[in-house]
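Have a look at the structure below before the remarks.
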Amino acid sequence: MVYTLNQITPAKLIESRDNLKNWLQTQLSPLFSKTSWMQDWDQLAGRFQLLKFETLSEAEILSYSWNPKEISTTIHETITEVEKHLHFQNLSITIVPALPFPWFQQYDQSLWTNGYTIGADTIIMAIPPEPDREFFKYMLAHEMHHASPENPIYNLTLNTFSLADWYKMEGGAEYFSLSLYDDKRWWKENLTEEAEKAYQKIAQDNIDTTDDVLKSKICFGNREMDIPVFAGYCFAYKMVRKYAEQQKIRSYRELYKADPLDIFNDFIAN
């Protein structure tokens, strides 16, 4: 498998700051295809808050700098490990600085790494200056599970992507990445036993929904619905792990073929 790596470093952002929007467009637009979940470069730039660098001082921008060689090495090590289990074609990885979000800014900056899979074989990752290597590897492996062209999510559309499909997608990625790397998830304590009981009722009532707004609240957390941050990820991981153990799944790729409702129903049956 051939992979390409583009590190949009703070130094590059400073060089292009006078024409940042146009420069970011040249970096991000080539990442999209007809099957990408997003289609506009500025939507992707917004997801990672990249236009905020227009107003930051040079010193502030440089404070987000990392060691490109170390990052390249970490990525190569992760790809080498993940490739033992999943298949890819021409993987593309773009690295950008990780600016704080409200849901993780209170945690150690080394755990600010976050990612997004744009489509098959295409990943963008945001990293802090000195990312926790194990957490970074876990997060990249998670996104690579999404990015495999064998992943059935690429047979879905936004109109057919149900909550059950989401649980299978994220639970499968979590099960895969946490099987390879240490568990340093800062959100894993959010879904207490009591909260999980209430959450399961919400999941059951909405398991077939394709409403993107409702799914986002259920999956990522919502105060009005009393759903903790990233509760959906914790719930999905437990679901897929239990299914894989009960069904004696022998390979991670085999899980791609599992029926989302079977995974969910097996979990709530006990």
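Counting from 1, the numbers follow the sequence of the chain as shown.
Taking Ser29 as the reference, Gln25, Trp41 meet the side-chain contact (heavy atoms from CB on, under 4.5 Å) condition, with sequence neighbours excluded. Annotation: salt bridge (Lys or Arg N to Asp or Glu O under 4.0 Å) contacts of Lys52 (sequence neighbours excluded): none. Taking the side-chain contact (heavy atoms from CB on, under 4.5 Å) definition, one finds that Thr74 meets it with Thr78, Arg133, Phe136, Lys137, sequence neighbours left out. Looking at residues two or more places apart in sequence or on another chain, you find no ring-ring contact (aromatic ring centres under 6.0 Å, His included) involving Tyr116. Evaluation of the salt bridge (Lys or Arg N to Asp or Glu O under 4.0 Å) rule for Lys248 yields no partner, not counting sequence neighbours. Listed by chain and residue number, Asp183, Arg185 satisfy the side-chain contact (heavy atoms from CB on, under 4.5 Å) test with Lys188 (two or more places apart in sequence, or in another chain). Here Asp132 pairs with Ser110, Leu111, Glu134, Phe135, Lys184 under the side-chain contact (heavy atoms from CB on, under 4.5 Å) rule; sequence neighbours left out.
For residues 249-258, the side-chain hydrogen bond (donor to acceptor under 3.5 Å, both in side chains) pairs, not counting sequence neighbours, are His87-Arg253, Glu150-Arg253. Within the structure, side-chain hydrogen bond (donor to acceptor under 3.5 Å, both in side chains) contacts touching residues 117-128 (residues at least two apart or in different chains) are Thr117-Glu143. Sorted by first then second residue, the side-chain hydrogen bond (donor to acceptor under 3.5 Å, both in side chains) pairs that include residues 223-238, not counting sequence neighbours, are Glu196-Lys238. The side-chain hydrogen bond (donor to acceptor under 3.5 Å, both in side chains) contacts involving residues 59-70 comprise Gln7-Trp66, Ser57-Glu60, where partners must be two or more places apart or lie in separate chains.
With rounding to the nearest 0.5 angstrom, the CG atom of Asn114 is 10.5 Å from the CD1 atom of Ile127. Atom CG of Leu62 and atom OG1 of Thr9 lie 9.0 Å apart (nearest 0.5 Å). For the atom pair CG of Leu51 and CG of Leu20, the computed distance is 6.0 Å after rounding to the nearest 0.5 Å. Separating the CD atom in Glu170 from the SG atom in Cys234 is a distance of 11.5 Å, to the nearest 0.5 Å. The structure places CG of Leu178 at 9.5 Å from NE2 of His142, a figure rounded to the nearest 0.5 Å. In this structure, CD in Glu81 is found 12.0 Å from NE2 in His76, a value given to the nearest 0.5 Å.
Contact annotation: the side chain of Leu99 never approaches that of Trp112 to less than 4.5 Å [non-hydrogen atoms, C-beta and beyond]. Looking only at side-chain heavy atoms (C-beta outward), Met144 and Phe176 stay at 4.5 Å or farther from each other. Two residues are said to be in side-chain contact when any heavy atoms from C-beta on lie closer than 4.5 Å; Leu156 and Ser162 fail this criterion. At least one side-chain heavy atom of Ile71 sits less than 4.5 Å from a side-chain heavy atom of Pro131.
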Quiz: residues 203-211 side-chain donor-acceptor pairs under 3.5 angstrom, not counting sequence neighbours:
from   : atom 1 : to     : atom 2 : distance (Å)
Asp205 : OD1    : Lys201 : NZ     : 3.3
Asp205 : OD2    : Lys201 : NZ     : 2.7
Asn206 : ND2    : Ile202 : O      : 2.8
Thr209 : OG1    : Asp211 : N      : 3.1
Asp211 : OD1    : Val213 : N      : 2.9
Asp211 : OD1    : Leu214 : N      : 3.1

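For the residue pair Gln27/Asn6, the side-chain donor-acceptor check at 3.5 Å is satisfied.
Less than 6.0 angstrom separates the ring centroid of Phe104 from the ring centroid of Phe101.
With hydrogens and angles ignored, the 3.5 Å screen pairs a side-chain donor or acceptor of Asp259 with a backbone N or O of Asp262. Between the side chain of Gln109 and the main chain of Pro100, no donor-acceptor pair closer than 3.5 Å is present.
Other residues, nucleotides and ligands contribute at most 12 non-hydrogen atoms within 6.0 Å of the CD atom of Glu130. Dense packing is recorded around CD of Gln106, with more than 12 heavy atoms of other residues, nucleotides or ligands lying under 6.0 Å away.
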Q.
Set out, in order, the CA-CA distance, both residues' side-chain angles and the distance that settles side chain to side chain contact (heavy atoms under 4.5 Å, CB included) for Tyr199 and Ile218, then state yes or no.
A. CA-CA 8 Å; Tyr199 183 87; Ile218 295 173; 3.4 Å; yes
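Closest non-hydrogen pair, Tyr243 versus Ala258, comes out as CE2-CB, 3.8 Å.
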